[in-house]
Amino acid sequence: MTLLVRLDHETDLAGFRREARALLARRVAPEQVHWSAGRCHDDLFAVAEPADDQPPADTGVNVPPAFLELCHTLVLHREPHRFALLYRLLWRLLHEPNLRHDPLDADMVQARHMAQAVRRDIHKMHAFVRFRQVQDTDNPLDPLHVAWFEPDHHIVEANAPWFRRRFANMRWAILTPERCVEWDRQQLHFRAGADHSDAPPADAGEQLWLTYYQGIFNPARLKLKMMQKEMPRKYWRNLPEASLIGELAARAQERSGTMIEQPATVPLRRIPAAPRRLPAVAASGSLPQLHAATDRCRDCPIGALATQAVPGEGPLYPALMFVGEQPGDQEDLRGRPFVGPAGQLFERALAQAGLDRQAVFVSNAVRHFKYELRGKRRIHKTPTQHEADACRHWLEEEIALVQPRALVALGATAARALLGRPMAVMSERGQWFARGDGLRVLVTVHPSALLRLPPEQLPAAFERFAGELTLAAVPDR
Ligand code: URA
């Protein structure tokens, strides 16, 4: 018998938690529940009454904080099966305690991907909402600003506080097909969805923005592929500047040619001297000394934002030293490398390759966590080449102290730091390269790249990654 649970609205997290608690107390298994939200759908298979043949169990549901955060994001996804997935995960977390440590679990992978899609949608809304001014005849000195946006997921309510903070002093409304939100400088008001024709046409302010956009468009830095990735085509129709891109891109080559032919201009300001490097520890120092010096390092801006420098860890003189990119959120907080989700995946691949994490040295090319704040979340940002270069001497000093027999580069940042040249990791992975000092470096992908793959590609990608680590494991490399 299937139990129908209907939540009040599409993002009814409170309702989900209430119902899930009650279902768990009755020990109702996930496959016995059919979840729906919002409008009533006819359901041929559902019955309205709970199956009450089990005595209630303890309802004290204790889940990791990361799971609660996942719930908050996942309920915003458009997929109708999101509540079923969440309930299944909740059920499994209670019945399979090891689930939380399994980075390859299919349900977990799917949930992570869905949460990532929601976060991307939220980010795109921040980036691509364009307000147009509408004159209010009752209040000509206080115009309303209206934007049209088409989100992929149910993100309007969750995203509204960000716009309220960002545009606190102006009256605005964001119209979307499913939900609209308005800010009157006192309160947010939510209404039913609108039609594109309700959004205002271009205004005079927009002409100004287009002129500015034309002015700042740098033809020499045009990267069309990157632009399309960051600004997918589906957003173009609502972006005033999108109408200019075609023509500006077409003229980019000619304009950059003209720029190159111009005589060099004299810089108006003196270029500041490079920041003074902190005294490096000589290779004869110890790892704790090296770590203390790294912790103080401010050769690039990342150090000042991170909680602490994360040193490499493992035994001296190991057969292998693995080098990643930079610590992530959890590594930054705990001060240890590879202890977050990518670290769990890495450890599993090591085990599959017959390697013991305790027997190898694990480190990073960059010592501090670089991130960008989105709400309360610290989102990983790839270090620039300049930042990775500034950190390179710490890595080299660590290698000199640890004296591994061989190195493994996890991803492009590590490969470049270890080999001193840009590496095309996808085509050069699984191969050994020699360094000037005679040490050999096996290049492979970074485990976090696997975590970004669609769930159906993960098992094969994991096998390939673990297979490459096996190359490092063989003694006669
Ligand atoms: N990714 C890395 O490159 N290093 C870590 O320590 C964690 C994640």
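The chain is numbered in sequence order, starting from 1. The basis for the numbers below is simple: all heavy atoms, side chains too, and nothing from hydrogens, waters or symmetry mates. For ligands, and for the atoms within them, numbers begin at 1 and follow the listed sequence.
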Check your understanding: Which atoms of ligand 1 sit under 4.0 Å from any heavy atom of N364?
Key -> 2 (C), 3 (O), 4 (N), 5 (C), 6 (O)

**Study point:** Min N/O separation F338 to ligand 1 under 3.5 Å
**Key:** yes

Check your understanding: Which pair of heavy atoms, one from A414 and one from V323, lies closest together, and at what distance?
Key -> CB-O, 3.1 Å

Exercise for review: Would you check if there is a donor-acceptor pair between the side chains of E331 and Q326 at a distance under 3.5 Å?
Suggested key: no

Check your understanding: Relative to ligand 1, is H446 under 4.0 angstrom through side chain, backbone, both or neither, heavy atoms considered?
Key -> side chain

Point to revise | Pair S448-H446, side-chain donor/acceptor within less than 3.5 Å | key: yes

Point to revise | Per-atom contacts, ligand 1 versus G324 - under 4.0 Å to a heavy atom | key: 3 (O)

Review point. Short list, please: which atoms of ligand 1 are under 4.0 Å from a heavy atom of P337?
Key: 6 (O)

Exercise for review: Verify whether one side chain among H77 and E79 offers a donor that lies under 3.5 Å from an acceptor in the other.
Suggested key: no

Check your understanding: Does E325 approach ligand 1 within less than 4.0 angstrom via side chain, backbone, both or neither, non-hydrogen atoms only?
Key -> both

Review point. Just by distance, with hydrogens left out, do E157 and H9 show a side-chain donor and acceptor under 3.5 Å apart?
Key: no

Exercise for review: For atom 8 (C) of ligand 1, grab the closest protein heavy atom and report residue, atom and distance to one decimal in Å.
Suggested key: Q326 O, 3.8 Å

Review point. Is it true that E10 and R179 have a side-chain N and a carboxylate O under 4.0 angstrom from each other?
Key: no

